[in-house]
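Here is how names work: the chains are called A, B, and so on, in the same order as the sequence lines, proteins then strands, and each is numbered from 1.
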There are 2 protein chains.
Amino acid sequence: MHLTVSEENYIKAIFHLQEADGTVSTNQLAANIHTKPASVTDMLKKLTSKRLLLYKPYQGVRLSSEGRKLALEIVRKHRLWESFLVDKLQFGWDEVHEVAEELEHISSKKLVDKLDQFLGNPRFDPHGDPIPDSNGVMLSLRQVNLLDLKPHTKAEVCSVGSQSPELLELLKHKQILIGTRLEVQCKFEFDHSLEIQLEGRGNITISQQLAQALFVKTI
Amino acid sequence: MHLTVSEENYIKAIFHLQEADGTVSTNQLAANIHTKPASVTDMLKKLTSKRLLLYKPYQGVRLSSEGRKLALEIVRKHRLWESFLVDKLQFGWDEVHEVAEELEHISSKKLVDKLDQFLGNPRFDPHGDPIPDSNGVMLSLRQVNLLDLKPHTKAEVCSVGSQSPELLELLKHKQILIGTRLEVQCKFEFDHSLEIQLEGRGNITISQQLAQALFVKTI
DNA sequence: AAAATTATTTAGATTTGTCTAAAAATATTT
DNA sequence: AAATATTTTTAGACAAATCTAAATAATTTT
């Protein structure tokens, strides 16, 4: 089954969007992939005819099991390449996403497996996200959204919700990294912001938007 | 200047073909790139309008200095990735070409330079071909075609003329690698074949076609 | 439940890179 | 140098992936 770069990008986007929702709408996809709803409809039809999607017009779309398998291969490649860039080529973890978006479309199965081995079969990428193995099995982290933590719980940052440059800029400024430990001090109903204490440092404020983008495990 | 994969492949093909000829014909390009002459004409017009080619209809084509610069970047990427695959991922030198054909189109300049550094700034790839540096400067080997050697000269294989699977299969069968040492015993006018002695082994026959594909330096 | 709004699909156009068939230019042979 | 053969270009068509504008379906509001 050979897919174009464009087809792969749709499969990947549906995979990520359906994590939350179960089923994905045309408009959601169009926004995510920076294209127009009409273009999405065309592509959904094409991928459905290739048996990669379960799609009923007006009813949203999900990946078929075949589609899910392909999505996991793409995610695996993306996260392995990110690991390579950070661990071997000394990229910053906040500058690898775009390059990995290109590298993830290289098709050689042998390349991916050799790369995996070369990196020591890592289970998580530099952002803390789990890397599927060559059978498409992916560990899931016991991670919760920072927004859902109660006051006085301690936690460790283990992944971020997106790789947008804007988010990464803010994290850099606040000196929050994967592995940073913190304790929620209090929460404010008014704007849903939190005050947290960073281990070894003082208290800082986290906005609702930022908290929503941070996934932690309690410690 | 952003080029599509297809455009880059034309630039690269012209670069390699003009090594020998100086100027490249439409049919030559079509054969090399596995496409039809009519398609080549269209692309030549497009790349000419981007000022990457010097092209007069019916008169063949050459790279402009801008085109040559881009070609060298692509060749650099190709050969660095081949080095990575062989040196780091333990690929055989005869199985890296196709993967490198994909990797060479990844656009990040930073990636290429970091990769170069990671590999220890190699000057030659696993096939013995020189790798241009980040300024597009490429060492040229003092290498001659095996066909041009006189009887009783000793030489060392330092590069092969192509990476076609057929050629690599034959080299594997005859156990000829980069670095293999040999001595030309005699040449036959009739079919332009050579008899050579492989160091530590017996005499074998090299056809005109094979000799033409082997570049050596005398020792 | 009818009207208004929003979401989605259809219809038709555009761009890129390719193709085939035919025409034009160049090269080779007699 | 005329005829023939080869090479190259032009003209017109096609598939992929996108777009805009218009039509249709679904949802929400009143």
- prompt: Where do A/Phe84 and B/Phe84 land on the ring pair (Phe, Tyr, Trp, His ring centres under 6.0 Å) test, with the steps shown first?
  reply: CA-CA 12 Å; A/Phe84 170 72; B/Phe84 170 71; 5.1 Å; yes
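Between A/Asn27 atom CG and D/dA25 atom C1' there is a gap of 14 Å when expressed in whole angstrom units. Computed from coordinates, the B/Leu44 CG to D/dT7 P distance equals 16 Å when rounded to whole Å. The CG atom of B/Leu29 sits 12 Å away from the P atom of C/dT18 (whole-angstrom rounding). The interatomic distance linking A/Met43 (CE) with C/dT10 (P) rounds to 16 Å, in whole Å. In this structure, CD1 of A/Ile33 is placed 8 Å from P of D/dT18, rounded to the nearest angstrom. Following rounding to the nearest Å, A/Asp42 (CG) and C/dT8 (C1') show an atom-to-atom distance of 12 Å.
Side-chain contact check for A/His173 and A/Glu169: no donor-acceptor pair (N or O, by modelled atom type) lies under 3.5 Å.
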Anything under 3.5 Å between a protein N or O and an N or O of nucleotides 20-22 of chain C, put it in a table, one pair a line.
none

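Close to D/dT10, at under 4.0 Å from its OP1 or OP2, lies no side-chain N or O of B/Thr41. Side-chain nitrogen and oxygen atoms of A/Lys45 include at least one within less than 4.0 Å of the OP1 or OP2 phosphate oxygen of C/dT10. The phosphate of D/dT18 has OP1 or OP2 within less than 4.0 Å of a side-chain N or O from A/Ser6. For D/dT7, neither phosphate oxygen OP1 nor OP2 lies less than 4.0 angstrom from any side-chain nitrogen or oxygen of B/Ser25. Close to D/dC19, at under 4.0 Å from its OP1 or OP2, lies a side-chain N or O of A/Thr35. At D/dT9, one or more side-chain N or O atoms of B/Thr26 fall inside 4.0 Å of OP1 or OP2 (strictly under the cut-off). Neither OP1 nor OP2 of C/dT16 sits under 4.0 Å from any side-chain N or O of B/Tyr10.
Out of D/dT8, C/dA7, C/dT26, the shortest distance to the side chain of B/Gln59 is found at C/dT26. Closest to the A/Tyr58 side chain, of the nucleotides D/dT9, C/dT9, D/dC19, is C/dT9.
Within the 4.0 angstrom heavy-atom criterion, only backbone atoms of the sugar-phosphate kind lie near B/Pro57; the bases stay farther away.
Remark: B/Lys110 qualifies as a cation-pi partner of A/Phe91 under the 6.0 Å distance and 45° angle criteria applied to the six-membered ring.
B/His127 has its ring centre no less than 6.0 Å from the ring centre of B/His97.
Here B/Lys50 does not pair with B/Glu66 in a salt bridge; the nearest charged N to carboxylate O distance is not below 4.0 Å. Of the charged side-chain nitrogens involved, none lies within less than 4.0 Å of a carboxylate oxygen, so that B/Glu195 and B/Lys187 do not count as a salt-bridged pair.
When each of A/His34 and B/Tyr55 is assigned the nucleotide of DNA chain D bearing its nearest heavy atom, the one mapping closer to the 5' terminus is B/Tyr55.
With A/Arg76 as reference, A/Asp116 is the one residue of A/Asp125, A/Asp116, A/Asp129 to meet the salt bridge (Lys or Arg N to Asp or Glu O under 4.0 Å) rule.
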